[in-house]
Amino acid sequence: MVAHLHAGFFAEQQLKVFNMSERHPGASPLAEVVRVDCLVCPHRALLAEGKCVPGDICLIAQSGRQIDRFLRRNPQVAQDCLNDGFWERRAIAARYAPLEAVRKLPRDADEVVRRVVASRLPIDELDGYLHDSDREVRMTVAERIAPERLSALIGDEDYLVRLQAAKRLPHGQLRRMAGDPDREVRKEVARRLPPFALSLMAKDDDAEVRRIVASRMLPDDAVQMLADDDWLVRLEAVQRAPLETIAELVDDAEPDVRGAVRERLNDFLLGESQ
């Protein structure tokens, strides 16, 4: 008799067993596993194929982890979820749906969805997201867009967006950020500017920026940093300035600066005597 039972019978019985308990046996009292009624799921046929697991791999649960596991295993379903009413389902679907379908999406109201879209679009199609209202969308764009287009983000209101732009901006445009209002942005600019251009930042208000400048300057340009108020800036300058210009710091107020001057002078004298 069992042999004559329809295969769907077993699937239905399995659904009922899975839906008997709303809690995963191993869940702590504070961690409820999200379960749904598989009988109302339009994709319930996948259960019999082992392509979903209630409480773990599920598309209709309000659980990002379960949705992601489901669409990772069943990416052919993702395109159908791109206009879903649940923002997280749309965002996850945008990761797995075909690029052509993602490209045709209208601008989503949710910033998380827009971040995913911005991470997948071809770089020459990102201009529409350059001035998105969400900082992280703009950061995603700054990480991916063609470097020559980054100039549009130099004046962004958020320092993290400008920082990402400073990391990738072509050297020819980088000097435009030398006066950025944020210290972290200027530090990145100081790390990337060509040494011959660092004099632009020699008088920066922040000592940390000037230390980076002094550590990378051309030797002749480093001379101007020997009189800096910050002893760590002077220490960096002593390492790079021409030998004949550092002798006056042999009596510097800071022991480490004096030591660095004497070490360079001694190395020079020892080299001459050999």
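Fair warning: this is a prediction, and the values are worked out from it, not measured in the lab.
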Next item on the list: With sequence neighbours excluded, tell me which residues meet side chain to side chain contact (heavy atoms under 4.5 Å, CB included) with Glu244.
Entry: Pro242

Notebook entry, point to check: For Asp110, what residues pass the salt bridge (Lys or Arg N to Asp or Glu O under 4.0 Å) criterion, not counting sequence neighbours?
Noted result: none

Checklist line | salt bridge (charged side-chain N to carboxylate O under 4.0 Å, His left out) contacts in which one or both residues fall within residues 74-84, not counting sequence neighbours | finding: Asp84-Arg89

Margin query: Tell me every residue that passes side chain to side chain donor-acceptor pair (under 3.5 Å) with Asn74, counting only those two or more places apart in sequence or in another chain.
Written below: none

Note to self: Run the side chain to side chain contact (heavy atoms under 4.5 Å, CB included) test against Gln239 and tell me which residues pass, sequence neighbours left out.
What the structure shows: Leu235, Ala260

Notebook entry, point to check: Between Asp68 and Tyr96, do the side chains contain an N or O donor and an N or O acceptor separated by less than 3.5 Å?
Noted result: yes

Notebook entry, point to check: Partners of Asp134 by side chain to side chain donor-acceptor pair (under 3.5 Å), sequence neighbours excluded?
Noted result: Arg115

Notebook entry, point to check: What pairs with Gln164 under side chain to side chain donor-acceptor pair (under 3.5 Å), at least two apart in sequence or on another chain?
Noted result: none

Next item on the list: Write out all pairs satisfying salt bridge (charged side-chain N to carboxylate O under 4.0 Å, His left out) with one or both partners inside residues 119-133, taking only residues at least two apart or from two chains.
Entry: Arg103-Glu125, Arg107-Asp132, Arg114-Asp132, Asp127-Arg149

Next item on the list: Just jot down the side chain to side chain contact (heavy atoms under 4.5 Å, CB included) partners of His171, sequence neighbours excluded, or say none.
Entry: Leu174, Arg192, Pro194

Item checked: For Arg216, all residues meeting salt bridge (Lys or Arg N to Asp or Glu O under 4.0 Å), sequence neighbours excluded -> none

Next item on the list: Return the set of residues passing side chain to side chain contact (heavy atoms under 4.5 Å, CB included) with Leu265 (not counting sequence neighbours), or none when no residue passes.
Entry: Leu243, Val261

Note to self: Could you work out, with side chain to side chain donor-acceptor pair (under 3.5 Å) as the rule, every residue matching Ser215, not counting sequence neighbours?
What the structure shows: none

